[in-house]
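Here is the structure we will look at, set down as structure tokens.
Within every chain, numbering begins at 1; the chains are lettered A, B, ... in the order of the sequence lines, protein sequences first and strands thereafter. Just so we're clear, the structure is a prediction, and the values are computed from it rather than from any experiment.
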2 protein chains.
Amino acid sequence: MSKQAEFAVILKMNPMFADLGADELQRLSNLCHTQHLANGEVLFQKGDAGDALFGVRRGQIRIETGASDGSRLTLNFMGPGDLFGEVAVLDGQSRTADATAGEASELFVLRREDFLAFLEREPKVAIKLIALLCQRIRWQSERMEESMLQPLPVRLARRLCALAADFGSEVHISQEQLGVFVGAARESVNRQLQAWRKDAILDLQRGRILLKNMTRLTSIARNE
Amino acid sequence: MSKQAEFAVILKMNPMFADLGADELQRLSNLCHTQHLANGEVLFQKGDAGDALFGVRRGQIRIETGASDGSRLTLNFMGPGDLFGEVAVLDGQSRTADATAGEASELFVLRREDFLAFLEREPKVAIKLIALLCQRIRWQSERMEESMLQPLPVRLARRLCALAADFGSEVHISQEQLGVFVGAARESVNRQLQAWRKDAILDLQRGRILLKNMTRLTSIARNE
DNA sequence: GGAGAAGTGTGTCATAAGTCACATAACTTT
DNA sequence: AAAGTTATGTGACTTATGACACACTTCTCC
């Protein structure tokens, strides 16, 4: 399979490009380049211009940010098949976090200028994209308000489910970072996790959470 | 001033269309119609297809929703110069609330099909719009999380400031509805308002709040 | 292998805000 | 004007969660 075809598959998996036609997708993915990163190499830093969209072909990219106290917090891990920077490539705003390779990696790169030129040639795609961004806006404004008003267990369960969807039932994250994710104190996170461990919903290890009963966890996430 | 020129001014005031060029704006506003509504007439209801964007030329439109207990809650008042349905016109999703005329009104109407055809003819505008929607997505995801984590007084002050911007220092809203706005219990809203009344920041009447010291209120909204 | 750092577990306390209960005040309807 | 209805004011209680304090464990590095 060609590099471009491989990239097309990744794009197709992302909701933002999911309802593009096969022909449109193909013309779009023809614009991509690839880029290699050594372990630890920096892809971009907070403040850099958002001039491209990336898809992970192999390896791992860590999205992290320097907290105000100087410590680093990992916000996300992107593995093969993951796409990131979709919003930046569209609006060109500067990056809001750093990205570094967690291992030797190869990325698909779609540059902003190429993408914009493509949209100008294919306004129908631009319109589809607009509809999609609108959906996202609606979705955000519905979920966010709702979501933040939910009690901690629900927020926590939702986040764990989301992480599990990406990385399987063994989530590698510290309770501290989990607290940042869900906007709660580390201690509160710990207490909730303890309760769930007693209920055999999950198991805890240093820097790791093992989801044992996703069924119950998702039902908590749905707020019973 | 022609109807179209008047509409162009309203569009220009909305962030979503603010950075369109004068020529683009003119061609866009040429697509508008007008529509008259008698007092109490229904413009659209929850679930209707979002097939147009509206601008208020004169009169008042109430955006309201039937709460689960059957009572009606007014979510917003739109006065002359206000624009609503910007998102619906782009993505065509169904309305999430009802809109009825609070008095005899005249509206500018920009139909979705006309707008989409326009975007297809002018892909540069579509791209500007995409950038704008992205900004909005970023802004939402930044603000929302932050905003809901703010203590009640801050959220309340922000909402009051926003309402004041639209309707001047006399905000016509019940404390119950204000509670829905900021996601808090009516009683908590009342207690906070009482405290502010003691501090001469505002005055309370049945169904009405009189802002007396916007300076202090905005400083509370900024969280000191 | 010892020292320190980073992550985790848990108790105690303070506080913001929700809930319930009821009083009062202001409009509406008949 | 009497009665009902809606909006507001306020006290008492409960609860979730953040804050602090500190013990304990596991990793890392010299």
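Between F44(B) and F84(B), the angle of the ring planes lies from 30° to 60°, which puts this pair in the tilted group.
Of all nucleotides in DNA chain C having an atom under 4.0 Å from a heavy atom of chain B, the first and last in 5' to 3' order are dA17(C) to dC27(C).
Between the side chains of N190(B) and Q175(B), at least one donor N or O sits under 3.5 Å from an acceptor N or O. No side-chain N or O of N39(B) forms a donor-acceptor pair with one of E103(B) less than 3.5 Å apart.
For residues 186-208 of chain B, proximity to DNA chain C is found at E187(B), S188(B), R191(B), R206(B), defined as any non-hydrogen atom under 4.0 angstrom from a strand atom.
Residue L210(A) is tested with L202(A), V171(A), D203(A) for a side chain to side chain contact (heavy atoms under 4.5 Å, CB included); the sole match is D203(A).
Within the 3.5 Å criterion, the main-chain N or O of P80(B) finds no donor-acceptor partner in the side chain of R58(B). With hydrogens and angles ignored, the 3.5 Å screen pairs no side-chain donor or acceptor of R197(B) with any backbone N or O of L204(B). Not a single donor-acceptor pair under 3.5 Å links the side chain of N14(A) to the backbone N or O of L11(A).
Between F108(A) and I10(A), the closest heavy-atom pair is CE1-CD1, 3.7 Å.
Among the protein residues, G179(A) comes within range of no part of the nucleic acid, since none of its heavy atoms lies under 4.0 Å from any strand.
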